[in-house]
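Chain naming here is simple, since letters A, B, ... match the order of the sequence lines and numbering starts at 1 in each.
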2 protein chains.
Amino acid sequence: MPTKERILGAAEELFARHGFEGASLRQLTAAAGVNLAAVNYHFGSKDRLIEEVFRRRLDQLNGRRLAALQKIAGEPGTTIEDVLAAFITPALELSHDGNGSLFMRVLARAFAEHDDTLRKFLSDNYGHVMRQFTAEFARLLPTLSKEELYWRVDLVTGALTHAMSGFGMIQRKSDVPEQRHREQTAEHLIRFAASGLKAP
Amino acid sequence: MPTKERILGAAEELFARHGFEGASLRQLTAAAGVNLAAVNYHFGSKDRLIEEVFRRRLDQLNGRRLAALQKIAGEPGTTIEDVLAAFITPALELSHDGNGSLFMRVLARAFAEHDDTLRKFLSDNYGHVMRQFTAEFARLLPTLSKEELYWRVDLVTGALTHAMSGFGMIQRKSDVPEQRHREQTAEHLIRFAASGLKAP
DNA sequence: GCAAGAATCAAACGATCGTTTGAGGATACG
DNA sequence: CGTATCCTCAAACGATCGTTTGATTCTTGC
């Protein structure tokens with residue numbers, strides 16, 4: 001595997017496990033089996049590496065989410081549950097290839113970082129997706145005020161990030177296959193979030 | 001103010017802003033206006049300081065939450081909304097004195113840390129509260145399976161942590177007083193979470 | 001008022017951090 | 001074959017990390 005990919009893979013894992021400050025380039029390059037200087041050679045700096053970790057997965061994730069939304073947006077039969085599924089399912093699929101599930105933990109860490117540079121980066125690369133989904137929610141929930149809708153979408157995001165990154169006390173039982181566990185996660189998530197969005 | 005309190009205050013602020021690894025003892029002691037060696041003198045180590053930051057606020061928070069729950073638990077007229085309010089309101093009150101609001105951000109960071117030591121500490125000092133609240137939810141939602149209930153409580157926790165730590169895009173508008181903003185947060189949170197918990 | 005303990009201080013400890021350097025190996029193209 | 005380009009490597013850079021030390025100051029009780 002090319003050096004750049006090995007670095008990105010190891011970075012994703014170690015950032016998820018120890019945070020951006022907590023994972024050192026020496027741990028990282030050792031885990032990837034590459035020379036220490038390779039990070040600065042291929043990415044320029046640690047900060048640029050962090051951005052690249054995000055860009056690689058977010059491009060994938062955003063693309064799939066928007067594609068799924070496109071298929072149902074504006075259609076007469078579309079339900080809240082459909083829109084939520086369009087948002088959640090791509091995140092589950094991401095967990096299939098490689099250690100993509102770790103990326104959701106990295107994303108959760110990024111939310112926790114109130115660092116302005118990182119927040120701006122996320123807003124630039126993530127904001128337009130949220131905006132399109134919010135617009136579709138608005139269509140399906142016409143009685144909600146704009147403010148109320150923003151609040152609820154925000155709360156859904158919180159629940160989702162929490163669940164997808166494996167924060168909580170819900171752990172996969174050893175007798176449940178991983179893929180089935182993810183499907184269950186999605187089912188619970190959609191049922192809960194749909195009901196929360198539709199609150200009177 | 002005594003040295004220990006000044007350190008704890010500065011630690012809370014810097015841990016919220018830069019994370020546990022990101023905030024150094026030199027920044028921290030400089031912000032507190034105390035000598036660098038004071039942390040190791042009064043707390044023994046940085047890790048013990050981190051635990052003390054949690055203990056101080058969690059004791060307060062857990063006490064108020066359990067007291068509020070005690071008043072309504074098992075009573076015939078109690079609603080889901082009441083239980084949620086018992087859980088949420090103490091967190092809002094915490095934001096009144098000093099920079100207690102920063103603590104919710106520290107707590108959110110702790111969730112993001114998958115460090116086993118910290119997770120065990122939180123489980124020991126936080127778990128029994130969650131268990132009591134979950135028991136009361138179980139009483140009010142008798143049709144829910146145990147598994148389903150755990151999932152929903154977990155998702156509520158995620159939404160709550162997200163909202164309370166100011167993760168999301170909802171920012172307080174400058175013309176809304178801070179206390180009113182917190183009340184609005186609680187109202188939206190309770191309405192959303194109650195509906196999510198009661199999902200069919 | 002003076003000995004004893006608690007608290008603060010500047011300074012230094014070894015370790016580790018992100019980054020840079022310059023020499024050397026690998027690869028592709030004329 | 002030679003050379004230019006991409007890449008890797010060990011080593012070192014200065015900075016900063018958490019922690020420790022030993023001297024000094026402050027506080028307390030007899």
Side-chain angles (χ1 to χ4, degrees), chain A residues 1-56 102 106 109-110 112-121, chain B residues 1-56 102 106 109-110 112-121:
Chain A
M1 204 197 308
T3 301
K4 270 182 102 163
E5 292 299 320
R6 311 180 83 207
I7 292 175
L8 285 169
E12 193 168 63
E13 173 157 355
L14 287 173
F15 288 156
R17 212 182 299 285
H18 302 114
F20 304 111
E21 307 249 14
S24 75
L25 292 185
R26 283 171 178 81
Q27 294 177 275
L28 203 154
T29 50
V34 302
N35 188 269
L36 166 62
V39 169
N40 282 277
Y41 177 79
H42 286 285
F43 298 95
S45 70
K46 185 179 183 179
D47 283 337
R48 300 264 301 277
L49 169 61
I50 294 175
E51 288 193 4
E52 211 54 44
V53 169
F54 279 106
R55 198 184 312 276
R56 183 178 63 147
L102 289 173
V106 178
R109 275 193 186 271
E113 304 277 339
H114 278 237
D115 175 88
D116 285 337
T117 311
L118 192 53
R119 283 179 88 78
K120 186 180 182 324
F121 177 85
Chain B
M1 206 195 313
T3 299
K4 271 182 104 162
E5 292 299 321
R6 311 180 83 206
I7 292 176
L8 285 169
E12 192 167 63
E13 174 157 354
L14 287 173
F15 288 156
R17 212 182 299 284
H18 302 113
F20 303 113
E21 306 249 14
S24 75
L25 292 185
R26 282 171 178 80
Q27 294 177 275
L28 204 154
T29 50
V34 304
N35 188 271
L36 167 61
V39 169
N40 282 278
Y41 178 78
H42 286 284
F43 297 95
S45 70
K46 185 180 182 178
D47 283 337
R48 300 265 301 278
L49 168 62
I50 294 175
E51 288 193 4
E52 210 54 44
V53 169
F54 280 105
R55 197 184 311 276
R56 184 177 62 148
L102 289 172
V106 178
R109 275 194 185 270
E113 304 277 339
H114 277 238
D115 176 88
D116 285 337
T117 311
L118 192 53
R119 283 178 88 77
K120 186 179 182 323
F121 177 84

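Phosphate proximity of C/dA6 to B/H42: absent, as no side-chain N or O sits under 4.0 Å from OP1 or OP2. For D/dC17, the OP1/OP2 oxygens have a side-chain nitrogen or oxygen of B/S24 closer than 4.0 Å. Residue B/T3 has no polar side-chain atom (N or O) positioned under 4.0 Å from OP1 or OP2 of C/dA7.
A donor-acceptor pair is defined here as one N or O able to donate and one able to accept, closer than 3.5 Å; such a pair exists between the side chain of B/R109 and the backbone of B/A16. Remark: the backbone N or O of A/F43 is not paired with any side-chain donor or acceptor of A/K4 at under 3.5 angstrom. Judged by distance alone, with hydrogens and angles left aside, the side-chain atoms of A/Q27 form a donor-acceptor pair with the main-chain N or O of A/S24 at under 3.5 Å.
Environment of CZ in B/R55: crowded, with over 12 heavy atoms of neighbouring residues, nucleotides or ligands closer than 6.0 Å.
Taking only side-chain atoms of B/L36, from C-beta outward, the nucleotide of C/dT19, D/dA10, C/dA12 with the closest atom is C/dA12. With distances taken from any side-chain atom of A/A37 to the nucleotides C/dT20, C/dA12, C/dT19, the minimum falls on C/dT20. Closest contact between the side chain of B/R26 and the listed nucleotides C/dT20, D/dG18, D/dC9 involves D/dG18.
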Fill in the blank from the handout: The dot-bracket string of DNA chain D, counting Watson-Crick and G-U wobble pairs with both distances under 3.5 Å, using [ ] for crossing pairs and | for pairs to another strand, is |||||..||||||||||||||||||.||||
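In terms of position on DNA chain C, the residue among A/G22 and A/Y41 whose nearest nucleotide sits closer to the 5' end is A/G22.
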